[in-house]
Amino acid sequence: WSQSYGIVTEPTAPASPAAPTAQASDSQAAVSWTAPADGGSAITGYVVTAHDTTAGTTSTVCSGSESSLVTTCTATGLTDGDAYSFTVVATNAAGTSDASAASNSVIPQATPTLVISDVPSMTLYGSKPTIVATVSPSIAGTVQFTINGQPFGAPVTVSNGMASTSLTDASGNALGVGSYGIRATFT
């Protein structure tokens, strides 16, 4: 005579997701994470929370009953210039996980516009005119000037929304007579 018994385990809430990673752009951030252990019941959704550490506020930026395979979120409506980190919770039929550790901190920034101003249309031969590039909004970075498609000097640090350089040759002498195509690129 023999008898067998089965052991039934009840599912539990998912484990906490690992800390997500974030990458910022203009007024938004792409957030991604790895799916945690599901606790014996399929994950039915995630909630991503944005923590604005500059303003001291939090808000839900992505939520819903998406597939457990979807582990990305585009957090929109963020304030450019504020620092953000993100946390994620996972949900299944048994419950909700604890929040993940915070992501890396990111600062959304508007894509700057770059305007070259003070370009002399005609200068006195032998002079060293100055060219100015204005960056708006004024954010940290550098401007690389090029003349006729070739880099011109080292990148210039943006200060108070402006970068400027004198138009000289590699030896610091005034440029010769001619027509020059001038361009500036923000990095």
Side-chain angles (χ1 to χ4, degrees), residues 11-117 132-146 149 151-152 154-163 183-187:
T12 61
S16 295
T21 58
Q23 184 173 358
S25 58
D26 185 6
S27 301
Q28 62 185 16
V31 182
S32 60
W33 61 94
T34 302
D38 66 12
S41 177
I43 293 173
T44 57
Y46 296 97
V47 174
V48 179
T49 301
H51 304 269
D52 182 336
T53 57
T54 302
T57 60
T58 61
S59 60
T60 299
V61 291
C62 297
S63 65
S65 57
E66 298 184 18
S67 162
S68 63
L69 300 177
V70 177
T71 56
T72 61
C73 159
T74 300
T76 60
L78 305 180
T79 302
D80 285 339
D82 282 9
Y84 289 87
S85 63
F86 301 88
T87 57
V88 179
V89 296
T91 302
N92 67 10
T96 300
S97 72
D98 289 334
S100 67
S103 71
N104 54 302
S105 181
V106 296
I107 300 174
Q109 294 289 350
T111 303
T113 57
L114 187 64
V115 177
I116 299 176
S117 56
V132 177
T134 304
V135 178
S136 179
S138 178
I139 59 175
T142 61
V143 172
Q144 175 66 64
F145 290 95
T146 58
F152 178 75
V156 179
T157 300
V158 174
S159 176
N160 296 321
M162 301 177 93
R183 184 178 179 126
T185 304
F186 178 83
T187 54

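Note that these values count all heavy atoms, side chains included, but never hydrogens, waters or copies made by symmetry.
Judged as a side-chain contact (heavy atoms from CB on, under 4.5 Å), and not counting sequence neighbours, the contacts of Thr96 are Val89, Thr91. The side-chain contact (heavy atoms from CB on, under 4.5 Å) test applied to Thr21 returns Ser32, Asn104, not counting sequence neighbours. Ser25 is linked by a side-chain contact (heavy atoms from CB on, under 4.5 Å) to Gln28, counting only residues two or more places apart in sequence or in another chain. For Ser159, the side-chain contact (heavy atoms from CB on, under 4.5 Å) criterion is met by no residue, not counting sequence neighbours.
Screening residues 17-62 for disulfide (SG to SG under 2.5 Å), with sequence neighbours left out, gives Cys62-Cys73. For residues 16-40, every residue pair satisfying the ring pair (Phe, Tyr, Trp, His ring centres under 6.0 Å) rule, not counting sequence neighbours, is listed here: Trp33-Tyr46.
The two residues Thr71 and Ala35 make their nearest non-hydrogen contact at CG2-N, 4.0 Å. Among all heavy-atom pairs drawn from Gly81 and Gln109, the shortest one is CA-NE2, 4.1 Å. Residues Ala83 and Ile107 approach most closely at CA-CG1, 3.8 Å, considering heavy atoms. The nearest pair of heavy atoms linking Ser16 to Ala99 is OG-O, 3.9 Å.
Only one option out of Asp52, Thr58, Thr53, Thr54 pairs with Tyr84 in a side-chain hydrogen bond (donor to acceptor under 3.5 Å, both in side chains); it is Asp52.
Contact annotation: the side chain of Pro36 never approaches that of Val88 to less than 4.5 Å [non-hydrogen atoms, C-beta and beyond].
Note: His51 NE2 to Asp82 CG = 14.5 Å, rounded to the nearest 0.5 Å.
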